[in-house]
Amino acid sequence: MLHLRFIFRELILSAKQASIFVLCVALSLATMVALNTFRKNVSHSILGDARSLLGADIRIHSHYPISRGIDKMVSDLENHHDIEATKTYELYSVIRPLSGMRTLFCRLKVVGPRYPLYGKVELRSGRPLSQVLSPGKILVEPEVLGRLGVKIGDRVHIGEATLTIADVITHEPDHPVNIFSLGPGIIISAADLKRLQLITKGSRVEYSILIKVGRNDAAINKLADRLKQVSQPAQERITTYKTSNSGMKRFFDNLFFFLSLISIFTLFLAGIGMQSSLSALLREKQKTLAIIKSMGADSGFLFRQYFALVLCLGAIGSMAGVAAGLILQHFLPKVFQGLLPQGLTLTVSVFDIVEGLAIGLLVVVFFTFLPLYDLRNIRPVAIFRHDRTGTGRGILFYPVLAGGFLLLTVLVVRQLQDLKIGLYFMIGTTALIVVISLLTRVLLAAIARLQVASLGMRQAMKSLFRPGNATRSIIVTLTSALSVLLTIFLIQTNLSATYIESYPPDAPNLFFLDIQPDQKTAFANEIGGKVELFPVIRARLVAINDRPVKQQTSRRRGDSLTREFNLTYRETLLSDEAIQEGKTLFTKDASGKTPLQVSILDTVAEMGDMHVNDILKFNIQGVPMKARVSSIRTRTKSRLYPFFYFVFPTEYLQHAPQTFFAALHIHKKAIASLESRIATAFPNISFINMADTAAELGRLTQKLITIVNFFAGFSILAGALIMVGSIFATRLARVREAVYYKVLGGGTRFVLAVFIYEHLLLSLLSSILAVVLAQAGSWGLCRYLFDISYSPHLVVSCTLVLITSILVIAVGIVSSIGIIRQKPAAILREQNGE
Amino acid sequence: MRQAKTHCLLAALLLPVFMLCGFIRPIDARTSEQGKKTFQGTIVAVGDSLTAGYGVAEKDNYPSQLQKRLLAKGLDYEVINSGVSGETSSGTLSRINWVLSLKPDIIILEIGANDGLRGIDPNLTRENILKIIALLQKKKIITVFAGMRMVSNLGLRYTHAFHRIYLDVAKDTGVIFMPFFLEGVATNPALNTSDGIHPNRKGYKIIVDNLLPYVLKAIDLREKTSE
């Protein structure tokens with residue numbers, strides 16, 4: 001049944017094509033395997049960060065003592081060694097040194113014995129928490145020492161107890177990054193809880209139980225549900241490390257989805273590369289196959305042989321790809337040392353390997369089916385004539401196509417882990433390829449009709465339509481590859497812009513609140529320089545166009561229209577604001593004065609469905625005020641900068657009751673002393689220290705930038721290689737023509753010119769088409785799937801067109817240069833001997 | 001409208017009588033913004049989130065509930081909510097002139113909780129409150145002053161000093177003093193929202209129950225002094 005010698009000979013003879021084929025298979029798998037296993041590991045580590053942030057797999061918290069039902073369930077589970085748990089109590093209090101009049105408002109965290117369950121509390125001495133924190137000893141943030149004028153070893157009064165400062169906290173893992181702290185932190189052992197006498201009826205305490213399950217998500221979610229059933233829903237909140245920070249969660253979901261998209265794209269690309277290289281291989285062999293058929297072999301025989309060949313190549317490619325993927329993954333931590341999380345463990349399961357191989361073979365089968373099926377169209381008469389092979393579709397064509405499509409869909413859905421999106425993706429990609437085919441057909445037809453003066457150009461255009469040409473297939477491949485690459489780039493930069501670059505290093509990290517109007521100058525002097533003060537006027541939004549704002553209907557985007565808002569006034573936009581609707585911030589009337597109006601932020605406009613010229617009615621602490629919406633602003637930068645929903649012109653609110661707040665960027669070490677000075681001079685001013693938050697976010701985002709860049713870059717590289725391969729694969733026909741031109745009298749220069757023109761046409765057609773499709777696709781994905789803003793990066797797009805052209809031309813020439821320069825007679829002799 | 005006309009007529013008739021008696025103080029006809037209702041007086045509730053009604057619907061906060069109770073009793077007083085969530089005594093002092101533009105006859109002052117929650121020096125809070133009340137008394141506005149207690153996790157020393165603010169101010173200024181605004185409501189989970197600090201609708205109902213006698217006293221006083 002299998003003619004092994006035949007297969008082997010075919011393999012050797014078309015080694016170049018075969019190796020391109022193998023390369024495509026290997027590349028696609030390498031990306032997928034590396035990505036999947038790396039993603040699992042990174043996901044584990046990033047979510048490990050999420051665990052560190054929460055301090056647990058599950059956290060139960062309440063402003064009242066934890067109810068008996070939950071308490072009992074947790075202790076039962078602990079006794080069965082199913083979980084590890086610890087209790088924490090967070091409260092504010094005023095602490096005093098042993099002598100002197102100073103006091104300090106601090107955030108106390110009283111922790112049980114196994115704290116922290118995840119992450120590490122870093123201390124100045126470098127010792128572990130368990131060694132240092134014991135009854136009678138406390139750990140304090142550096143600010144405490146500065147503001148109270150105490151040092152390690154001193155004792156302080158906390159509540160009714162007197163405790164000794166044992167060490168200084170340099171990093172606290174589970175201080176949630178989005179919780180403001182009104183005072184520096186102190187960690188106290190739960191053994192001292194009673195002595196403090198601070199937790200009594202009438203205390204404001206956040207009670208928490210932290211639980212470490214140490215098993216998979218399903219087990220965690222199951223336990224969380226069980227706990228919810230015995231909890232007091234009105235008081236107790238139960239969150240898991242995945243649900244606790246929804247903003248971050250959304251970002252991670254987007255990130256991993258994007259990475260999955262990349263891996264799928266790469267797979268498809270490789271598949272197209274495989275198909276085109278196999279088609280080219282078989283096209284080269286048309287004469288040979290016709291001879292074999294005329295000797296009695298039927299289509300079935302040929303199909304079996306080549307199918308075996310394909311499987312063999314596919315297997316080699318798969319194994320190479322999987323191996324490459326694993327090796328690559330091993331080197332990744334070394335390459336990105338210092339940027340990736342410490343102790344990133346790379347585990348590879350046998351399952352991953354087998355899965356990789358299986359996927360590889362499946363993909364090979366699906367993408368190579370068509371060229372193989374076309375074998376039956378080769379007729380023996382092709383020996384004598386250069387007939388265009390028939391393109392009749394047989395009975396098997398559609399069912400197999402459908403089956404393959406289904407298999408691929410299953411693969412895609414599995415990779416993206418979402419049925420709906422997986423289906424949309426498949427449909428979208430198929431539509432993409434269909435659209436590209438159609439457009440290519442149209443464009444080529446247009447070119448065929450063009451009249452051009454230059455002989456070289458004319459020949460180039462005609463040669464695009466030579467019999468048995470693979471022009472359409474090349475353009476489809478190139479366009480698909482390029483559009484995918486550009487899409488990856490566009491989406492990646494837009495994701496970065498929205499989520500990652502939103503936290504610049506000089507973002508404000510210290511906020512001062514409640515600065516009274518008569519303190520403005522003194523405050524600025526104390527800070528020592530120019531500081532921007534933002535006026536804040538508290539008010540409620542009462543009605544929009546006389547429609548009262550009601551509580552139930554107004555919750556959107558996690559915010560409510562019925563809460564109190566901070567109005568402000570100024571005459572200009574902030575540095576990170578832009579006008580989205582309306583011409584200018586405020587409009588003047590005919591006499592040049594600025595009437596009463598308000599500029600609103602796009603987020604609140606969306607919440608209340610507000611538009612320019614709507615009339616908003618406010619209640620400013622009892623005093624009503626109506627204003628027309630003059631413009632809608634949008635923010636172009638970070639969420640860490642102050643922002644205001646409602647901005648009025650100065651003259652209307654400058655006499656309204658207001659306080660001011662200041663946002664500064666101060667070096668972390670200088671914060672404590674600045675706070676001390678301000679607290680002494682202005683006891684009513686509160687500060688919010690975001691330095692640690694900013695640092696934490698900066699660290700995380702840096703990590704993520706690296707990961708996204710790496711995968712995108714890898715895919716781009718893989719795609720470029722595939723593109724080069726497909727050009728390479730179809731060079732033979734061009735070479736033959738070159739020879740004939742020479743025979744007809746064209747010099748090397750003319751031949752070169754035709755070559756360049758032809759490749760130029762191919763690349764321009766493909767890249768321009770790709771840019772159009774990539775822009776459309778990326779815009780759609782950003783707008784509807786990721787829900788982020790979109791920027792087209794036209795310069796990059798044009799650069800892509802340029803680079804593609806250069807690359808295609810270069811590859812084409814390099815692969816044929818030897819032949820072009822040779823004397824025609826030599827080639828003819830060689831070719832006839834075939 | 002007919003009521004307004006009657007009032008104006010009465011005023012026109014009574015005015016010469018009063019002027020003859022040497023009292024030149026007509027009863028103001030007060031209309032709300034759309035001129036729908038006329039009130040015989042204005043009460044402004046000045047305070048923080050406990051006055052603003054953080055976490056409950058507009059109609060359930062204490063000034064709204066107080067309004068309904070007064071109207072039910074036939075006392076046509078407008079209760080205006082001038083609460084600002086998160087406000088400290090410094091903030092109230094800064095904005096008291098804005099509040100006075102509402103021309104209140106009576107002010108219910110409930111402030112200081114946020115000073116405590118931020119650990120601000122009780123002496124500063126006391127000074128601010130004394131300045132506010134001095135201003136109100138200068139303008140002859142009748143003040144109902146609500147006392148506050150601080151959460152016990154701040155420590156005995158602080159909470160003791162905090163409560164003394166209110167006792168001292170009440171004694172020094174002689175205002176109508178309600179000892180503890182959250183009496184019977186604080187620390188009871190059924191009467192507070194999930195944050196344990198802000199009362200819910202039921203909690204505010206009890207607060208209004210407790211507050212009402214003091215408000216009635218203030219209204220009484222106002223009626224007496226305006227005669």
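In what follows, chains carry the letters A, B, and so on, assigned in the order in which the sequence lines appear, proteins first and then strands, with residues in each chain numbered from 1.
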Angle between ring planes, [X] versus [Y], binned at 30° and 60°: parallel, tilted or perpendicular?
{"X": "B/Phe162", "Y": "B/Tyr158", "result": "parallel"}
{"X": "B/Tyr54", "Y": "B/His198", "result": "tilted"}
{"X": "A/Phe648", "Y": "A/Phe618", "result": "perpendicular"}

Return the OG1 to CD1 distance between B/Thr92 and B/Ile129, rounded to the nearest 0.5 Å. 8.0 Å
Applying salt bridge (charged side-chain N to carboxylate O under 4.0 Å, His left out) between A/Glu206 and each of A/Lys109, A/Arg59, A/Arg237, report the one that passes. A/Arg237
Under 4.5 Å from any heavy atom of chain B, what part of [X] do you find: side chain, backbone, both or neither?
{"X": "A/Ile620", "answer": "both"}
{"X": "A/His157", "answer": "neither"}
{"X": "A/Glu160", "answer": "side chain"}

Under a 4.5 Å heavy-atom cutoff, which of [options] has the most pairs with chain B?
{"options": "A/Thr103, A/Thr200, A/Ile95", "result": "A/Thr200"}
{"options": "A/Gly159, A/Cys106, A/Ser203, A/Ser62", "result": "A/Ser203"}
{"options": "A/Val623, A/Ile199, A/Thr659", "result": "A/Val623"}
{"options": "A/Asn619, A/Asp518, A/Leu196, A/Asp514", "result": "A/Asp514"}
{"options": "A/Gln516, A/Glu236, A/Gln232", "result": "A/Gln516"}
{"options": "A/His655, A/His63, A/Arg204", "result": "A/Arg204"}

With chain A, which of [options] has the greatest number of heavy-atom pairs at distances under 4.5 Å?
{"options": "B/Ile197, B/Asn81, B/Thr125", "result": "B/Ile197"}
{"options": "B/Asn97, B/Val84, B/Ile80, B/Ile120", "result": "B/Val84"}
{"options": "B/Thr187, B/Leu124, B/Leu154", "result": "B/Leu154"}
{"options": "B/Ala186, B/Gly155, B/Gly196", "result": "B/Gly196"}
{"options": "B/Thr88, B/Leu156, B/Asp195", "result": "B/Asp195"}

Quick check, are the ring centers of [X] and [Y] under 6.0 angstrom apart?
{"X": "B/Tyr62", "Y": "B/Phe181", "value": "yes"}
{"X": "A/Phe661", "Y": "A/Phe534", "value": "yes"}
{"X": "B/Tyr166", "Y": "B/Phe145", "value": "yes"}
{"X": "A/Phe646", "Y": "A/Phe565", "value": "yes"}

Could you look at [X] and say if it's the side chain, the backbone, both or neither that has a heavy atom under 4.5 Å from chain A?
{"X": "B/Ala52", "answer": "both"}
{"X": "B/Leu117", "answer": "both"}
{"X": "B/Thr51", "answer": "neither"}

Does B/Arg149 make a cation-pi contact with B/Phe180, if we ask for NZ or CZ under 6.0 Å from the ring centre and within 45° of the axis? yes
Lys/Arg-Asp/Glu bridge criterion (N-O < 4.0 Å) met for A/Asp71, A/Lys87: yes
